[in-house]
Number of protein chains: 2
Amino acid sequence: MSDRPTLRTVAAEAGVSHQTVSRVINADPTVTEAVRDRVLSAMRLLDYRPSAGARALASGRTEVVGLVLPHNPGFAFSNDHLIRLVQGADQELTTRGYGLLLSTREVPDDPSSAYRRFVQRRQVDGLLVEAGAGGESLTVLRSAGYPTVVIGYTAEDLVSVHPDDEGGAYAVTQHLLALGHRRIAVVNGPRENGLAMAARLRGLHRAFADAHRDVPDDLMEHGDFTAGSGYAAAERLMARADPPTAIFAFNDGMALGALRLLRAHRHALPADVSVAGFDDTEAADLVDPSLTSVSLHSVDVGRRAARILLDLLDGRAPAQREHVMPSTLKVRASTAPPGAAR
Amino acid sequence: MSDRPTLRTVAAEAGVSHQTVSRVINADPTVTEAVRDRVLSAMRLLDYRPSAGARALASGRTEVVGLVLPHNPGFAFSNDHLIRLVQGADQELTTRGYGLLLSTREVPDDPSSAYRRFVQRRQVDGLLVEAGAGGESLTVLRSAGYPTVVIGYTAEDLVSVHPDDEGGAYAVTQHLLALGHRRIAVVNGPRENGLAMAARLRGLHRAFADAHRDVPDDLMEHGDFTAGSGYAAAERLMARADPPTAIFAFNDGMALGALRLLRAHRHALPADVSVAGFDDTEAADLVDPSLTSVSLHSVDVGRRAARILLDLLDGRAPAQREHVMPSTLKVRASTAPPGAAR
DNA sequence: CGATTCTCAGTGACCGTTCACATGACAGTG
DNA sequence: CACTGTCATGTGAACGGTCACTGAGAATCG
């Protein structure tokens, strides 16, 4: 078993002190070029690789950030928004030399939860926590005292980043109103996602108010973000005495479910009923009719959250506590004036 | 700045030696119950949390596994199969108390690549490497000498896990042949994914051979797994003098693109042209007509790979070098006998 | 030209665990 | 009752970096 070389092995090989080798590794500018070269070639010769553990122990920093998705894995990895968040965080962290330690699951006492991983051991420098489902995980993790950035909405006194849900919903509603729709139904998300969904409802109400119209008060259903729940919600909506002419689902999955119900019931789309979604997933552009949706630019949100956290770790406090990232309405084929010929 | 308590702080509080505290943490059965209780309450009192860094340094194990997706992030996080792989690995690792350190990107010299992260520092105990795009990353990572499990196909002498691509393609082809199709076109993946795509072609050829039919030799196009490339490939195929009656795309994205082209050209689906995909993504079930596809059970593949790696880390060598996980044909509405009334 | 500063490299302690081994108490044995 | 073995716990040295100082020689300055 050939033991891995250490700082001191390299130092001996290069004829310098171990501290000098450390300096070379950390790109200390005070090291002479000649010495640096000598050390570098010694490192190469011995195939030296620093031990992250030792570095973490000595410096107190692991250069790893934890990303907590407090959802069950099946949901977390199916949700386009969450995945994009991971993507954005990954991109930012990787380019800044940090690692990304992933953690799904909610239950704090589950021995395999984020709690055990991040709080009970000290393995990360900071935490990125998705706050979608609310839940207690945030408070639990907070107690660990890590520098934390929340992705989503939080009542706690933490730095947070979230997309402009209100503005997105405003844009959709305004778009539908402008097309001439009045009976606009909402397929809301699950009640646990309170703050984000509330923001969207605010946007919707504001758009109605700005258009001097009343929000139809009987046209709201709840789903759980799955296509199946969107199908069921649409079914209930279309069964009403006075059915909606437009369905605004609070995510694309449910919107696609609604689309499927409408097709199954032989409605002409979008002539009979317009449908709009939220999240602008890839599927939105692939279905027929393609789905009008709100892009949350989730990758950017994830990236921004990571950037703020890294700044925090570097001691730079963010300018504001709450960061709102712009969202964009993508108008596609699933929305049209009510009764429009196809 | 209140310093975090260490093993010795806890030991002092509980009136035992630091080693005893360590034993309690590691659930050493030789510790008396009375002592254990005393230590545990001291830990609780002081809000003690072990330092992962110190532990890693002393024990040589980090309890973290690296997962390398050698693709650019935009692709990696859009590909359903890859995401499911991550999900499966995450599930298995988390339940076994391991962490999952993610790494995308290909280029080995990119300072922010897997190379820097895993090879240059020693931050993980083992590696899970997706081999889809082939490329040199595998050889580079191999040089690091980590216990490694490859997800996908590899020519190297490494333990690997992959879905039954050949069987899946065989099932699709057999299905199409049984429906009466003869002119079956293939939308192949990018040439970099050589080994996986070759396996699928083998399955296709075997199905034709078993049915005593010849593979139409003019009906193959290449795409890059995006819907756009599937659209383009279908366009080229349908422009032929003798167009296919069925299109078998080697992933769902391209199949959905093909579907879109066919709809745009006002073909009746699936009466005029049948379409089948690969991967059984969520979208396959959401489009109209719903897409016949092959489920690779990617979550299981990821989970299995993780399990094998953990066994490897525990010193248990796997029984075989190559593990093939079953795949399943999901017949949906996009395939029908040629010329069938809708 | 001596004193002072600056630059570059070296020294030794320390971070918080685990590991290998030592020790002490106590029970069982001849 | 001394002797050995076993079990529970203690002791001190790694592990491989970083940090705070120290020191030697060159450069700067009055």
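Naming: A, B, ... by sequence-line order, numbering from 1 per chain.
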Colleague: For residues 28-45 of chain B, which residues have at least one heavy atom under 4.0 Å from DNA chain C?
Modeller: none
Colleague: Bend angle of the helix from C:dC1-D:dG30 to C:dG30-D:dC1 from five-pair axes at both ends, rounded to 10°?
Modeller: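 Rounded to the nearest 10 degrees, the bend comes out at 40°.
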Colleague: Check the pair A:R84 / B:S78 against side-chain contact (heavy atoms from CB on, under 4.5 Å), numbers first and verdict last.
Modeller: CA-CA 8 Å; A:R84 301 274 158 221; B:S78 303; 3.2 Å; yes
Colleague: So, using side chain to side chain contact (heavy atoms under 4.5 Å, CB included) as the criterion, who are the partners of A:L45 when residues are at least two apart?
Modeller: A:E13
Colleague: Could you go over nucleotides 14-17 of chain C and give all protein N or O partners under 3.5 Å, atom names and distances?
Modeller:
{"unit_1": "C:dT17", "atom_1": "OP1", "unit_2": "B:Y48", "atom_2": "OH", "d": "2.8"}
{"unit_1": "C:dT17", "atom_1": "OP1", "unit_2": "B:S51", "atom_2": "N", "d": "3.3"}
{"unit_1": "C:dT17", "atom_1": "OP2", "unit_2": "B:L7", "atom_2": "N", "d": "2.7"}
{"unit_1": "C:dT17", "atom_1": "O5'", "unit_2": "B:Y48", "atom_2": "OH", "d": "3.2"}
{"unit_1": "C:dT17", "atom_1": "O4", "unit_2": "B:R8", "atom_2": "NH2", "d": "2.7"}

Colleague: Atom pairs, N/O to N/O, protein against nucleotides 21-28 of chain D, distance under 3.5 Å?
Modeller:
none

Colleague: Mind checking side chain to side chain contact (heavy atoms under 4.5 Å, CB included) for A:A305 and listing every partner two or more places apart, or none if nothing turns up?
Modeller: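 A:L128, A:V149, A:I151, A:V161.
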Colleague: Please report the shortest heavy-atom distance between B:P73 and B:T104, naming the atom on each side.
Modeller: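 Reported closest heavy-atom pair: CG-OG1, 3.6 Å.
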Colleague: Between A:R49 and A:D47, what is the shortest heavy-atom contact and its length?
Modeller: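 Where A:R49 meets A:D47 most closely, the heavy atoms are NH2-OD2, 2.8 Å.
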Colleague: The criterion is side-chain hydrogen bond (donor to acceptor under 3.5 Å, both in side chains); which residues satisfy it with A:T148, sequence neighbours excluded?
Modeller: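 A:T148: no side-chain hydrogen bond (donor to acceptor under 3.5 Å, both in side chains) contacts found.
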Colleague: Could you tell me whether A:E33 atom CD has more than 12 heavy atoms of other residues or ligands within 6.0 Å of it?
Modeller: no
Colleague: Can I get a per-line list of side-chain donor-acceptor pairs under 3.5 Å for residues 307-315 of chain A, giving both atom names and the distance, sequence neighbours left out?
Modeller:
{"unit_1": "A:R307", "atom_1": "NE", "unit_2": "A:E92", "atom_2": "OE2", "d": "3.4"}
{"unit_1": "A:R307", "atom_1": "NH2", "unit_2": "A:E92", "atom_2": "OE1", "d": "3.2"}
{"unit_1": "A:D311", "atom_1": "OD1", "unit_2": "A:R96", "atom_2": "NH2", "d": "3.4"}
{"unit_1": "A:D311", "atom_1": "OD1", "unit_2": "A:R316", "atom_2": "NH2", "d": "2.7"}

Colleague: Please identify each residue that fulfils side-chain hydrogen bond (donor to acceptor under 3.5 Å, both in side chains) with A:T20, with sequence neighbours left out.
Modeller: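 In terms of side-chain hydrogen bond (donor to acceptor under 3.5 Å, both in side chains), with neighbours along the sequence ignored, A:T20 is linked to A:S17.
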Colleague: Please identify each residue that fulfils ring-ring contact (aromatic ring centres under 6.0 Å, His included) with A:H162, with sequence neighbours left out.
Modeller: A:Y153
Colleague: B:E156: what forms a side chain to side chain contact (heavy atoms under 4.5 Å, CB included) with it, not counting sequence neighbours?
Modeller: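 Checked B:E156 against side chain to side chain contact (heavy atoms under 4.5 Å, CB included); matches are B:L138, B:T139, B:R142, B:T154, B:L158.
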Colleague: Residues in side chain to side chain contact (heavy atoms under 4.5 Å, CB included) with A:R321, at least two apart?
Modeller: A:D157
